[in-house]
There are 2 protein chains.
Amino acid sequence: MGTSPRRPAGISAEEAYEHLRQAIHNGELGPNERLVEATLADRLQVTRGVVRTALIRLTQDGLVVRTPNRGAHVRMFTEAEAVEILQVRAALEALTARQAALNATDQEIAAIRRQLDQMTLKLKQDDLLGYSEGNAKLHAAIIAAARHGTAAQLIAGLRAQLVRFQFRTILVAGRPPKSLAEHTAIVEAIADRDPDAAEIAMRQHLTSVVSALDKTATAIRRRFSPVDSTHAA
Amino acid sequence: MGTSPRRPAGISAEEAYEHLRQAIHNGELGPNERLVEATLADRLQVTRGVVRTALIRLTQDGLVVRTPNRGAHVRMFTEAEAVEILQVRAALEALTARQAALNATDQEIAAIRRQLDQMTLKLKQDDLLGYSEGNAKLHAAIIAAARHGTAAQLIAGLRAQLVRFQFRTILVAGRPPKSLAEHTAIVEAIADRDPDAAEIAMRQHLTSVVSALDKTATAIRRRFSPVDSTHAA
DNA sequence: AGCAACGATCCTGTCTACAAGATTGTGCAA
DNA sequence: TTGCACAATCTTGTAGACAGGATCGTTGCT
């Protein structure tokens with residue numbers, strides 16, 4: 001069934017969607033690049049209808065812009081929009097922190113703590129990339145513990161939109177220790193099952209991230225583009 | 001062009017999408033109702049492809065669920081999901097209140113104030129429906145003043161999902177005066193250009209709405225369904 | 001030489017037909 | 001009577017073709 005003669009080299013509709021999504025994420029399809037249905041269909045070895053469907057979904061995801069009778073292109077984010085997205089993420093993650101404090105099981109709290117320990121270790125080893133990865137995992141663990149499907153889904157969507165904007169705020173001078181302290185506060189609040197404190201701590205943390213981001217904004221604007229990391233701090 | 005012979009009674013793709021959206025909203029298409037492409041195409045006087053496209057969009061909007069090879073049906077929300085959606089809305093509207101305090105022009109603030117006065121008047125006249133409408137307008141005005149496209153878009157999406165769940169919390173005993181006081185606090189904070197106060201006030205307001213909702217939950221559960229209002233308080 | 005109208009080309013939007021998958025009902029056997 | 005297998009039907013998914021709109025280059029006129 002895997003590579004039956006019926007499908008010479010083609011892929012399914014879902015695969016096509018994922019493929020395009022990935023292509024946008026990793027920059028294979030750059031911002032503002034035109035997305036001609038026939039061309040993509042040819043490249044992915046699917047029919048135009050499949051590509052069309054995928055583009056409609058991606059439009060609804062906010063990754064693609066379609067103008068009637070004039071085709072689709074990869075959405076370009078302004079810096080202002082990137083800030084907006086981060087602000088919304090901050091609001092939503094604050095909610096998940098609160099919910100995590102309310103709903104997390106002991107096992108989940110243990111897992112969160114372990115993740116924080118990992119980050120501490122990485123920082124001690126001056127492994128900033130590792131730290132950044134740990135950071136992403138910690139946030140993911142908190143979101144999972146929150147058991148809040150709606151918030152999780154929206155956050156995932158926002159993350160997806162921002163992938164090409166993922167800056168390593170961790171590289172800002174003096175940021176790592178501060179970041180660790182903020183994360184510690186969040187984890188402690190959740191472990192204490194104190195929703196208010198958890199929410200406030202997460203809020204402070206993400207506000208701090210935004211301002212760190214502002215500091216790097218000019219640097220980014222300068223050599224426009226290319227930070228392709230998948231991790232934010 | 002209006003009713004050209006080319007389109008005997010058919011409607012465009014966008015219209016079909018809007019039509020289905022409305023049909024779900026006003027209950028014409030009930031929760032869990034099966035959405036057979038051919039049937040809908042026949043009813044709307046469009047081809048199946050158009051319906052198909054609309055269903056894909058509605059799926060991404062969260063109004064419809066599609067299972068591969070097995071068709072689409074109207075999404076059913078559990079009570080828990082409704083609460084989740086309201087929680088997220090609360091977080092996002094708190095953000096817009098903050099942004100409104102920061103970004104609103106004098107004219108926008110005047111408009112917001114005017115809206116609040118309207119609500120006060122309606123309440124004095126015991127016009128609860130009018131009050132509820134005014135409430136919706138006030139929130140809309142605040143969102144507009146916030147100039148935060150990302151948040152506005154997500155809130156709109158969440159509102160759309162919840163339409164069939166829009167309860168008239170305003171009907172809860174003793175709620176109207178409290179609601180008005182909360183709104184007044186929000187408006188004052190925005191007018192004072194105090195973002196923290198605005199955010200807190202909005203947060204408190206929506207928390208209060210959620211708890212009012214909880215009180216009506218049993219009543220709703222009892223005679224399952226039918227509140228078709230478009231306004232929440 | 002500059003500008004406007006026209007025409008060719010490219011691309012999207014829509015339609016019809018066909019193939020594959022899922023469900024339901026029926027008949028046969030235990 | 002109950003359970004299973006098979007067949008008919010219904011529905012989705014895909015393919016290919018066509019028509020309409022947009023863009024761009026060319027030609028003719030001023």
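Residue numbers begin at 1 in each chain, while the letters A, B, ... track the order of the sequences. Scope of the values below: all heavy atoms of this structure, side chains included, with no hydrogens, waters or symmetry mates.
- Side-chain atoms of B/Val36 lie closest to D/dT12 of the nucleotides D/dA15, D/dT12, C/dT12.
- Across the protein-nucleic acid pair, A/Tyr17 atom OH and D/dG13 atom P stand 16 Å apart, rounded to whole Å.
- Here the closest non-hydrogen pair linking A/Arg203 and B/Arg203 is NH2-NH2, 2.7 Å.
- Salt bridge status for A/Glu14 with A/Arg57: present, with a side-chain N to carboxylate O gap under 4.0 Å.
- In this structure, CG of A/Leu40 is placed 17 Å from P of C/dC10, rounded to the nearest angstrom.
- For A/Ile56 and C/dT14, the CD1 to P distance is 9 Å, given to the nearest whole Å.
- Residue contacts shown for B/Gly71 are limited to sugar-phosphate atoms, with no base heavy atom under 4.0 Å away.
- Residue-to-nucleotide proximity on DNA chain D shows that, of A/Arg48 and A/Asn69, the 5′-proximal contact is made by A/Arg48.
- For B/Glu15 and C/dT14, the CD to C1' distance is 15 Å, given to the nearest whole Å.
- In this structure, CZ of A/Arg52 is placed 7 Å from P of C/dT14, rounded to the nearest angstrom.
- One atom, CD of A/Glu37, and another, P of D/dA15, lie 14 Å apart when rounded to the nearest Å.
- Scanning both residues, A/Arg98 and A/Pro195, for their nearest heavy atoms gives NH1-CB, 3.8 Å.
- Atom CG of B/Asp42 and atom C1' of D/dT11 are 15 Å apart (whole Å).
- Backbone-only contact: A/Leu35 has heavy atoms under 4.0 Å from sugar-phosphate atoms and none from a base.
- Listed pair A/Arg66 / C/dT12 fails the phosphate criterion, with no side-chain N or O lying under 4.0 Å from OP1 or OP2.
- Place A/Arg70 and B/Arg34 on DNA chain D by their nearest nucleotides, and B/Arg34 ends up nearer the 5' end.
- When all heavy atoms are compared, the tightest approach of A/Asn103 to A/Glu108 is O-OE1, 4.2 Å.
- Atom NE2 in B/His73 sits about 16 Å away from atom P in C/dA22, given to the nearest Å.
- Two residues are said to be in side-chain contact when any heavy atoms from C-beta on lie closer than 4.5 Å; A/Ile112 and A/Leu138 meet this criterion.
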